[in-house]
Amino acid sequence: MAPTDLHEVANTFATGIPNLIDQVDQLVRAIPVGSVATYGDLAKSLGDSVASRWVATYLLDPACGVANLSHRVVRSTGEVGLHFSESIEAKIELLRGEGVVVVNDSIDLKIYRAQLPTIVPSLAKLKAWQRDFECPVETDFAVAKIQTIGGIDVSYGKKQAVSACCLLKSSGQTKIATHTYTGIANFPYITGYLAFREIPLHLNLLAQMQSAGTLPDVLLIDGNGRLHPRRMGIATMLGAITGIPTIGVAKKLIYGVIQVPKLKVGQWEPIVASKDEPDEILGYAIMPHTKTKHPIYVSRGFGIDDDSMKAIIERCLAGHRSPEPIYWADRESRKIASTL
DNA sequence: GCGACAG
DNA sequence: ATCTTGTCGC
Ligand SMILES: [Mg+2]
């Protein structure tokens, strides 16, 4: 089987990513004078209520496309909430000027809530893709044949972001090379959708590395794999579309519970969705060394089994909290991003 | 009212 | 993730 041309994969993937900003702008412009919508209403129209926090963040930005209309978006409690002008009074006056009655900084949503237009529920589509993907179980991964281990991470500058991939020897301890790609992250950060924000940058970088013949045999990614509400975190998705075996390594728990919360250094503790489902192991927590209180959360991405994953992560641990490939990718990407 | 929420 | 100075500890 001929290897996939990653430049092509990068283009295809980028084409499928929705423009959430345009969609929110469209929704906000559709709120009639004298009516309001809630942050959650807008998020649900986009296809997932978890996006409500991003919607709020976006509308609080004076530079957003619809700042002049953002006073029409309020909290689900009816409270007017914050305004980009940093003056709640200004927001209230704008609403009153449009005929909305505001009492105790609150609005009666039963009266003033707008009927929003139906738009393409982009997040619901992305969610369905994550949920319906059936990750094949790998049984042939050969740890002994690994020659290089990669670590990949993104850092953000003023306008642009930098994806860096560091290559280490199979020992997981010696850095061989660093490759970087600088571009723009268009999709916002929304919990559960990190892949759509960072994968486009990673793909451009990996395409470049493919041309140079420097792709790693296994890739550690800053983020989760199977440890995800829909079992398809960024590591799973990046592996599935590139064919590169991947492992997700996160610094915070996004989902699930640690079966045995008593963590000992170097011991792998399974993470499950809930105590009621102890049989489906989504990932593991492991304390990387004595000098930290915080574990790392490791889950398989694509093309690798849990035992091989553990063996590779173990040989990548050194004096830092993160495995060396991730540690270096974080450092190298930040070094460049801080100059942008 | 409180807690959760990858980067 | 980023915004930021000093400070405590190995
Ligand atoms: Mg990162």
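For clarity, every value in this text was computed on a predicted model and none was experimentally measured. Note on naming: letters A, B, ... go to the chains in the order of the sequence lines (proteins, then strands), and numbering restarts at 1 for each one. What you see below is based on every heavy atom in this structure, not just the backbone, and it leaves out hydrogens, waters and symmetry mates.
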Below 4.5 Å, heavy atoms only, C-beta onward: do Glu280(A) and Arg226(A) meet side chain to side chain? yes
Sugar-phosphate only, base, or nothing, as touched by Asn224(A) at under 4.0 Å among non-hydrogen atoms: base
Whole angstroms only, please: what is the OH-P distance between Tyr255(A) and dC5(B)? 12 Å
To the nearest angstrom, the CG-P distance between Asp330(A) and dG7(B) comes to 10 Å
Could you check how far CD1 of Ile184(A) sits from C1' of dA1(C), rounded to whole Å? 16 Å
So that I can tick it off, tell me whether Asp222(A) and Lys251(A) are bridged by a salt bridge, with the cut-off set at under 4.0 angstrom between side-chain N and carboxylate O. yes
With the side chain of Lys291(A) defined as its heavy atoms from C-beta on, choose the nearest nucleotide among dA6(B), dC10(C), dG7(B). dC10(C)
Rounded to whole angstroms, how far apart are CG on Asp153(A) and C1' on dG7(B)? 8 Å
Could you tell me the separation between the CD1 atom of Ile296(A) and the C1' atom of dG7(B), rounded to a whole number of Å? 16 Å
Considering only NZ, NE, NH1 and NH2 on the basic side and carboxylate oxygens on the acidic side, decide whether Asp330(A) and Arg334(A) come within less than 4.0 Å. yes
Exactly one of Asp305(A), Asp306(A), Asn224(A) clears side chain to side chain donor-acceptor pair (under 3.5 Å) with Arg300(A), and that residue is Asp306(A)
note: Lys251(A), atom NZ; dA6(B), atom C1'; distance rounded to Å ~ 9 Å
Can you check whether Ser155(A) has a side-chain N or O nearer than 4.0 Å to OP1 or OP2 of dA1(C)? no
Categorize Tyr156(A) for me: base, sugar-phosphate, or nothing, with a 4.0 angstrom heavy-atom threshold over every strand shown. sugar-phosphate
Using a cut-off of 4.0 Å on non-hydrogen atoms, how would the nucleic acid contact of Gly192(A) be classed: base, sugar-phosphate, or nothing? base
Aromatic contact between Trp129(A) and Phe133(A), with the criterion being ring centroids under 6.0 Å apart: yes or no? no
Check this one for me: any side-chain N or O of Arg197(A) less than 4.0 Å away from OP1 or OP2 of dA6(B)? no
When the distance from CG of Asp48(A) to P of dA4(B) is rounded to whole Å, what number comes out? 20 Å
Taking any heavy-atom pair under 4.0 Å as a contact, classify Phe187(A): base, sugar-phosphate, or nothing. nothing
Under 4.0 Å, heavy atoms only, any strand: does Leu253(A) hit a base, just the sugar-phosphate, or nothing? sugar-phosphate
Round to the nearest Å and state the distance from Tyr189(A) atom OH to dC5(B) atom C1'. 7 Å
